[in-house]
Amino acid sequence: MRRLLLLFAIATALPVWSAQPVRAKNGMVVSVEPHATEVGVKILQAGGNAVDAAVAVGLALAVTHPSAGNLGGGGFMLVRLADGRTAFLDFRERAPAAASRNMYLDSNGKATQDSTLGYRASGVPGTVRGLDLASQKFGKLPWAQLVRPAADLASKGYALSYSEANSMRGGGRGMERFPESKRVFLRDGKYYEPGETFIQADLGRTLDRIARLGAKDFYEGETATLLAKDMQEHGGLITLADLKNYKTIERQPLTGKYRGYDIITAPPPSSGGVGILQMLGVLEGTDFAKAGAGSATAVHYITEAMRHFFADRSEHLGDPDFVKVPVTALLEPKYILKIRGSIDPEKATPSSQVHAAVFTGHESNETTHFSVADAQGNVVAVTYTLNGGYGSKVTATGLGFLLNNEMDDFAPKPGEANMYGLIQGEFNAIQPGKTPLSSMVPTILMRDGKPFAVLGSPGGPTIINTVLEVAINMIDWNMNVQDAVNWPRFHHQWMPDQLQMENGYSPDTVDLLTKRGYTVRRVGAQGECAAIRFNNGWLEGAADPRSGGTAAGY
Ligand code: DON
């Protein structure tokens, strides 16, 4: 009888069931598209390290996940090597030399569509140079070996998955109005069906040149010449000189602590790392976790932290090479205490009453994330993008790749909402050579000096909150990595003053939050987190069930 009681006690203390991650000992790749994940695993099996695999996955996704995977975009790579070194490669797009503050305003000062659609929307792409630098600095295998799988996928083709075919027909809509995109991404004027073989011959040739001649081809060679010519013929801004001058910028990762975990994350021009650290700082001193995952009280506290950070984001974040971003002041314990003290334990604070901090004196919906870990303990987190799904919808003539619309991540009109409803200020106004502010936040969590988890997500501004929530799910609520990724998510970005909640939250919880003063908007899915957790010698990979992605290891 006593034994039975004991069993019952244990059983009731455990969750009813748990989703299981993919487990392996030697290496793990999590990406949004199965062919790309497989390319990464093969590179690891061939003796490549996590950086080699990440480079190959990035190039493969440029073929198999064209909504966000790219040669014509940019992103961030966060690396932590087994020997303790860390690196942050900023290969995000830069504003072309001919860009100017008001370039997207019409004669009445109204913002036009040009920052999101067509040739003028693109910043100078950084992906090829960024992946090339990663391979040179940290990789083991020859560059050509990393590019070849992508080139083969493009030239030989592959069967389109349901989610990729569906994405082209949905998020890709608008491509058909650009003749080159129509030629590449549609067949006889129709989008491809799931299961059909998708061949991208032009992209295959571009990748073949990049495999043979290196990144130089993209920035100074035939690819550069064709791209600059195409831009010139269609009113785009990117010139051969812009391409030639493009540089990946190596930055110091941002670091901080939360409940004994060390956090390594993205510095400006990402707003994400500052956001994660500020919000965790605010939350650490509250009792939100005791209320339990999914409770209205926990959602309330986390949302208030989000609201405050996004108010700061609107004013204080931008490209640190152009403006003085007050990172230290935004993370100052006294300031964090002040934010925490202003949270009403019961009620939502209207955003109209929350303002960005005033500092006196300055201190000196497509993107994709993939995570890779190898047996040696090297970990890599990459988030890269064309910005909107299929970017500017323009395919570079004869080159087979889509171009970004990252110029919209600037404040096309400071003080007015951009594509993501984000209100951004002068710090993020357009200037030649400047990098637009980003929300992408590849992140590594460390415990006792060892990697604990690596994660990231797409989703515009929701990225920051998705990463925050998945980290909290693991750290505060002890969820395994798959449960942490699966768990329903929510998002608040100060303005508009609304709490976006996935349908996974019960109507009762929504009701409780509405009573606390929130305006709740229900949404289907927020982000696509790709995470790996390190657990007693096991690598546990979690792809997001919200995406068509996979985790695979060996
Ligand atoms: O860097 C940024 O913040 C945006 N360009 C990210 C765009 C994005 O995540 C779109 N995905 N759904």
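Each ligand, and each atom within it, is numbered from 1 in the order the structure gives. These numbers come from a predicted model, not from an experiment.
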Verify, without hydrogens or angle tests, whether E406 (side chain) and P436 (backbone) share a donor-acceptor contact under 3.5 angstrom.
-> no

Numbered atoms of ligand 1 (with element) below 4.0 Å of S439, judged on heavy atoms | 1 (O), 2 (C), 3 (O)

Which ligand 1 atoms are under 4.0 Å away from a heavy-atom of Y420?
-> 7 (C), 8 (C), 10 (C)

T385 N/O to ligand 1 N/O under 3.5 Å = no

With distance as the sole test, does R129 use its side chain to make a donor-acceptor pair with the main-chain N or O of P125 at under 3.5 Å?
-> no

Got an N/O contact under 3.5 Å between P458 and ligand 1?
-> no

Considering only heavy atoms, does I463 approach ligand 1 within less than 4.0 Å through its side chain, its backbone, both, or neither?
-> side chain

List every atom of ligand 1 that sits less than 4.0 Å from any heavy atom of E366, numbering the atoms from 1 in the order shown and giving each element.
-> 8 (C), 10 (C), 11 (N), 12 (N)

Cut-off 3.5 Å, side chains only: do Y219 and D132 have a donor facing an acceptor?
-> no

Pairing of D90 and R92 as salt bridge, 4.0 angstrom limit = no

Strictly under 6.0 Å, is that where the ring centroids of Y384 and F370 end up?
-> yes

Side chain, backbone, both or neither: D409 near ligand 1, heavy atoms under 4.0 Å = side chain

Cationic N near anionic O, under 4.0 Å, R94 to D321 = no

Between F401 and F218, is the gap from one ring center to the other below 6.0 Å?
-> yes

Would you indicate which of N405, T367, T435 comes nearest to atom 7 (C) of ligand 1 when only heavy atoms are counted?
-> T367

Which of the numbered atoms in ligand 1 are below 4.0 angstrom from a heavy atom of R92?
-> 1 (O)

